[in-house]
Amino acid sequence: MKASDFRYFISQALRSFFRNGLMSVTSIFTVLCCMLILGLFLVITINVNHIANQVQDQCQIQAFMDEKTSASQLSTIKTQLEGLENVSSAELFTKADALEYMREMFAENADALNGLENDNPFRDSYKISLKDLSLAAQTIEQIKTVKGVADVENKQPMMDNVLSVTNTVKHLSFWIMLILGLVSIFIIANTIKLALYARRKEINVMKFVGATNWFIRWPFIFEGIIIGVIGAVIAFALTSWGYIISLGYLSGFNLDMFTLKNYNDIWWILLSCFIGIGAFIGAAGSGISIRKHLDV
């Protein structure tokens with residue numbers, strides 16, 4: 001595409017955009033509404049995945065050692081555990097750590113545990129973090145085969161719930177985004193139809209003098225892209241404002257179990273998705289309208 005052709009296509013797209021002012025504004029508003037809802041689910045999806053990763057770190061498997069396990073054997077067991085394919089780390093939780101943890105749990109009644117330092121009833125254990133929660137059951141069976149492991153605490157129900165919620169949100173977000181994208185494409189296609197009708201005589205003249213099909217199509221495609229991108233940028237600004245306000249509001253609560261993604265970490269993801277999806281919706285709407293209603 002030559003630079004002169006590109007300038008011509010853009011100028012024609014802008015002229016048509018302003019000439020169909022009311023329909024253009026209506027299309028932008030429709031894209032804006034769809035992109036706002038789409039952005040909401042995009043933000044939710046990003047944070048659900050982020051929270052799922054945090055919960056996954058907390059969904060540790062605890063492997064309790066045999067009471068006769070020595071310090072040297074503990075080191076060997078750690079190496080064996082971390083050598084398992086689905087294990088990301090194995091952190092030693094000693095008898096003394098377990099006793100201290102119980103003191104914190106008992107709080108004001110911690111004195112009831114006095115005297116247990118010399119006759120500690122707890123066992124050494126390893127807190128094991130997994131790479132993939134869906135493989136927890138197989139990994140637990142592998143851990144049980146490691147010599148020196150007496151028992152394994154199974155948190156499979158909690159892990160299954162985390163995976164179920166994450167997958168549900170992902171699937172729901174995908175279908176909602178798809179439906180909203182199709183609605184936006186339909187609205188933009190109708191806007192381009194008006195532009196085609198208004199310029200039908202000009203198009204016939206262009207065809208008569210030998211203009212190619214794509215030379216005629218490009219201004220309409222650019223018009224659709226302009227509509228899609230404008231709606232997307234406005235939606236991005238509003239979504240960003242709402243997300244920052246929400247983060248400030250939630251910071252007043254003590255959320256120890258999980259945190260949301262910082263805006264500085266996701267703004268470029270949101271901007272890229274908004275502009276990319278907006279441009280695609282606009283181009284697709286124009287392409288459909290031209291293919292069906294422009295006889296070239």
Side-chain angles (χ1 to χ4, degrees), residues 1 3 5-14 16-18 20 23-53 166-167 169-193 195 214 217-247 260-292:
M1 184 185 296
D5 290 342
F6 180 77
R7 288 194 296 269
Y8 171 78
F9 296 149
I10 293 295
S11 65
Q12 291 299 308
L14 292 172
S16 180
F17 172 80
F18 288 111
N20 298 302
M23 280 302 297
S24 296
V25 172
T26 301
S27 297
I28 290 173
F29 181 74
T30 302
V31 173
L32 169 61
C33 293
C34 292
M35 293 294 288
L36 281 174
I37 302 174
L38 185 149
L40 173 63
F41 279 89
L42 180 60
V43 167
I44 291 175
T45 301
I46 291 173
N47 280 286
V48 164
N49 289 331
H50 180 59
I51 292 171
N53 291 333
T166 303
N167 291 331
V169 171
K170 285 181 180 178
H171 291 141
L172 182 63
S173 298
F174 170 78
W175 286 109
I176 289 178
M177 290 178 188
L178 180 61
I179 292 172
L180 292 173
L182 293 175
V183 170
S184 298
I185 290 173
F186 175 77
I187 296 296
I188 291 176
N190 285 331
T191 301
I192 301 301
K193 286 181 192 177
W214 276 110
R217 288 188 177 105
W218 274 119
F220 298 103
I221 291 176
F222 278 115
E223 182 182 354
I225 292 175
I226 291 171
I227 291 172
V229 169
I230 291 176
V233 169
I234 297 174
F236 165 74
L238 294 175
T239 301
S240 298
W241 174 76
Y243 189 70
I244 293 172
I245 294 296
S246 299
L247 286 178
L260 299 180
K261 275 278 192 180
N262 190 285
Y263 176 73
N264 291 332
D265 296 330
I266 67 171
W267 73 266
W268 62 273
I269 299 176
L270 295 177
L271 182 60
S272 301
C273 289
F274 272 72
I275 292 180
I277 295 173
F280 172 78
I281 288 174
S286 299
I288 291 173
S289 179
I290 293 170
R291 184 168 60 88
K292 287 186 175 181

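Residue numbers run from 1 in the order of the sequence given.
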Give, for atom [atom1] of [X] and atom [atom2] of [Y], the distance between the pair rounded to the nearest 0.5 Å.
X: Ile37; Y: Thr239; atom1: CD1; atom2: OG1; value: 10.5 Å
X: Ile225; Y: Ile230; atom1: CD1; atom2: CD1; value: 12.0 Å
X: Glu223; Y: Ile10; atom1: CD; atom2: CD1; value: 11.0 Å

Quiz: residues 262-279 side-chain donor-acceptor pairs under 3.5 angstrom, not counting sequence neighbours:
residue : atom : partner : partner atom : Å
Asn262  : OD1  : Asn264  : N            : 2.9
Tyr263  : OH   : Ser240  : OG           : 2.8
Trp268  : NE1  : Asp265  : O            : 3.2
Ser272  : OG   : Trp268  : O            : 2.8

* Beyond-backbone contact of Phe9 with Gln12, side-chain heavy atoms, under 4.5 angstrom ->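 Side chain of Phe9 against side chain of Gln12, heavy atoms only: no contact under 4.5 Å found.
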
* Asked: Heavy atoms, side chains only, cut-off 4.5 Å: are Leu260 and Tyr243 in contact?
  ->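 They are in contact (side-chain heavy atoms under 4.5 Å apart), so the answer is yes.
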
* **Non-hydrogen atoms of Pro219 and Ala13 that approach each other most closely** =>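 Where Pro219 meets Ala13 most closely, the heavy atoms are O-CB, 3.3 Å.
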
* Asked: Closest heavy-atom contact between Ile221 and Ala283?
  ->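 Nearest heavy atoms, Ile221 then Ala283: CG2-CB, 4.2 Å.
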
* What residues form a side chain to side chain contact (heavy atoms under 4.5 Å, CB included) with Leu172, not counting sequence neighbours? ->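 Per chain and number, Leu172 pairs via side chain to side chain contact (heavy atoms under 4.5 Å, CB included) with Phe41, Ile176.
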
* Residues which pass side chain to side chain contact (heavy atoms under 4.5 Å, CB included) with Leu238, listed by chain and number, not counting sequence neighbours ->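 For Leu238, the residues satisfying side chain to side chain contact (heavy atoms under 4.5 Å, CB included) (neighbours in sequence not counted) are Leu32, Leu36, Ile234.
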
* Only one of Thr45, Asn47, Ile46 clears side chain to side chain contact (heavy atoms under 4.5 Å, CB included) with Val43; which? ->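 Among Thr45, Asn47, Ile46, the one meeting side chain to side chain contact (heavy atoms under 4.5 Å, CB included) with Val43 is Asn47.
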
